[in-house]
Protein chains: 2
Amino acid sequence: MTMPLRSDGDGKTLMASVYDRLRGDIVDGELRPGARLRFDELKESYGVGLSPLREALTRLAAEKLVILEEHKGFRVAPISRSDLNDLLFMRQEIESLAIRRAIERGDDQWESAVVATIHALGKRDSLTEGGHIDPEWERRHRAFHDSLVAACDSPRLLLYRQQLTDHADRYRKLSHHYSSSGRDHLSEHCALSDAVIARDADLANQLIRKHLLRTVEIILSGEDLQKTGFDD
Amino acid sequence: MTMPLRSDGDGKTLMASVYDRLRGDIVDGELRPGARLRFDELKESYGVGLSPLREALTRLAAEKLVILEEHKGFRVAPISRSDLNDLLFMRQEIESLAIRRAIERGDDQWESAVVATIHALGKRDSLTEGGHIDPEWERRHRAFHDSLVAACDSPRLLLYRQQLTDHADRYRKLSHHYSSSGRDHLSEHCALSDAVIARDADLANQLIRKHLLRTVEIILSGEDLQKTGFDD
DNA sequence: AAGATAGATATTTTCGAAAATCAATAATAA
DNA sequence: TTATTATTGATTTTCGAAAATATCTATCTT
């Protein structure tokens, strides 16, 4: 038995690793919407060759986080009001569907996990003293929403949900305005978890739709993306 | 003006072209479920180099038509009863959602197109004299279902629908049994188009779900995949 | 004989260079 | 001047070879 214990970094191919980093940088808004992605620059900044870069970008293009124009190269997917509205629509449908299915199939252990994650979420303030989103809160926030659908057993539904969440996270992080909206996350999340634990699918459905809508409303009301951010 | 009139084959990159061919061969069942995809063989049969092949396979992997095991290579996605059931579930949700939205937004021109495609579909028998699915019928069948959702304006919904349709087509074509089931397609399709044109979303919803379920029932009842086809 | 170890082979993954395509500029003609 | 055509430079796309990893077979040990 001579396994080097997977200190990460290896076992993974370069393509998988650069895919993760690129996706992270796009979702974090580090790579701006619409920005051209030249291979010379990417080779420089990510320290890998053409092959893994092209494959990673091809994969991201399939998820629509980047777009490929043939013979012209890759760009970070632009953002627009119409795209954000489409994203909202799909998220409302997919997320409520996943929650409904989780409520149908979830067992006691699943319920307990929901209780545990909402508790952990409540123990942490969403903003740091500097007024920015707290990374630890963000992790717990994601863990909470993931726990709601953890009992959903459809691989395809969970895959689509994951992809849509990535897109939504990007919009939220690009909206600097979002963190200063004074939104009362906790009451929304508590209502949601209560409905889920009470196995009230219709109420949970209604609450998650409102929750997602509220996020988009805040993003659209902000000044920052209003000016030059959107493509439409 | 010196455009060579796009005789196809060019303008498209090699990667895009080999992607189309690979996807077609997988959906047609030419490349068997679970089959290993070795680069030496693929280079031989498709006549292209490594780079476009890897990119095409990466894209197909993102759509789950092939799977990538790191350092072990690509394989055609296996088929299984559980996957087929998951596919059915998602198709029922996505397809009915798309139809509902099309009914909400479609105009007279959209209605006319539905009438035109159901008419064209009815003029053609689904089976050839040899007892196989007629390719021309298959084109019209797809055109009919596409026309139902043509007025759906959500890019994401249509993208997911397209991907799910590819997967479903593969299962159907792998089921040799399917063509000898003596299914009465036309009455199902007519009922569906009637409901859509009457703008009865609930009825259309019910009919499309039944339509998709029936397809899976036929596939699962067949002997051919029963024996060694499925992974579970 | 069963299991582990090491070497050889097959295959994937990655890099660097060549070919093809696009974009921008300069030169030419109406 | 305006539009069209070459020419140059930048960039993507593709190929072929090298490096890394896995798989198979034979050998050795218990």
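Given the structure is predicted, the values throughout are model-derived calculations rather than measurements.
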Ignoring hydrogens, what is the shortest heavy-atom contact between B:Ala16 and A:Glu70? Give both atom names and the distance. CB-OE2, 3.4 Å
Is there a residue in residues 18-25 of chain B whose heavy atoms reach under 4.0 Å of DNA chain C, and which residues are they? none
For B:Ser45, all residues meeting side-chain contact (heavy atoms from CB on, under 4.5 Å), sequence neighbours excluded: none
Round to the nearest Å and state the distance from B:Leu57 atom CG to C:dT13 atom P. 10 Å
side-chain contact (heavy atoms from CB on, under 4.5 Å) partners of B:Ala120, counting only residues at least two apart: B:Arg140
Stems formed with participation of DNA chain C [Watson-Crick or G-U wobble, under 3.5 Å, three or more pairs]: C:1-30 with D:1-30
Euclidean distance, atom NZ of residue B:Lys12 to atom P of D:dT14 [Å, nearest integer]: 12 Å
Using whole Å, report how far NZ of A:Lys43 lies from P of C:dC15. 9 Å
Just to verify, which of A:Leu88, A:Leu212, A:Leu87 counts as forming a side-chain contact (heavy atoms from CB on, under 4.5 Å) with A:Leu164? A:Leu87
Sequence neighbours excluded - ring-ring contact (aromatic ring centres under 6.0 Å, His included) pairs with any residue from residues 211-232 of chain A: A:His145-A:His211, A:His189-A:His211
Atom pair distance, as rounded to whole Å: CE in B:Met15 and C1' in C:dA20: 17 Å
Report the residues that fulfil salt bridge (charged side-chain N to carboxylate O under 4.0 Å, His left out) with B:Arg54, sequence neighbours left out, ordered by chain and then residue number. A:Glu55
Residues forming a side-chain contact (heavy atoms from CB on, under 4.5 Å) with A:Pro155, sequence neighbours excluded: B:Asp86
Set of salt bridge (charged side-chain N to carboxylate O under 4.0 Å, His left out) partners for B:Glu44, sequence neighbours left out: none
Using nucleotides 10-12 of chain D, report all nitrogen or oxygen pairs with the protein that are shorter than 3.5 Å.
from, atom 1, to, atom 2, distance (Å)
D:dT11, OP1, A:Arg38, NE, 3.0
D:dT11, O3', A:Arg36, NH2, 3.1
D:dT12, OP2, A:Phe39, N, 3.3

Can you sort out the partners of A:Leu50 under side-chain contact (heavy atoms from CB on, under 4.5 Å), two or more places apart, ordered by chain and number? A:Phe39, A:Lys43
B:Leu53 CG to C:dT14 P, straight-line distance once rounded to whole Å: 16 Å
Taking only residues two or more places apart in sequence or in another chain, which ones pass salt bridge (charged side-chain N to carboxylate O under 4.0 Å, His left out) with B:Arg214? B:Glu217
Show every donor-acceptor pair shorter than 3.5 Å between a side-chain atom in residues 30-37 of chain B and any protein atom, with sequence neighbours excluded, or say none if there are none.
from, atom 1, to, atom 2, distance (Å)
B:Arg32, NH1, B:Gly29, O, 3.4
B:Arg36, NH2, B:Lys72, O, 3.1

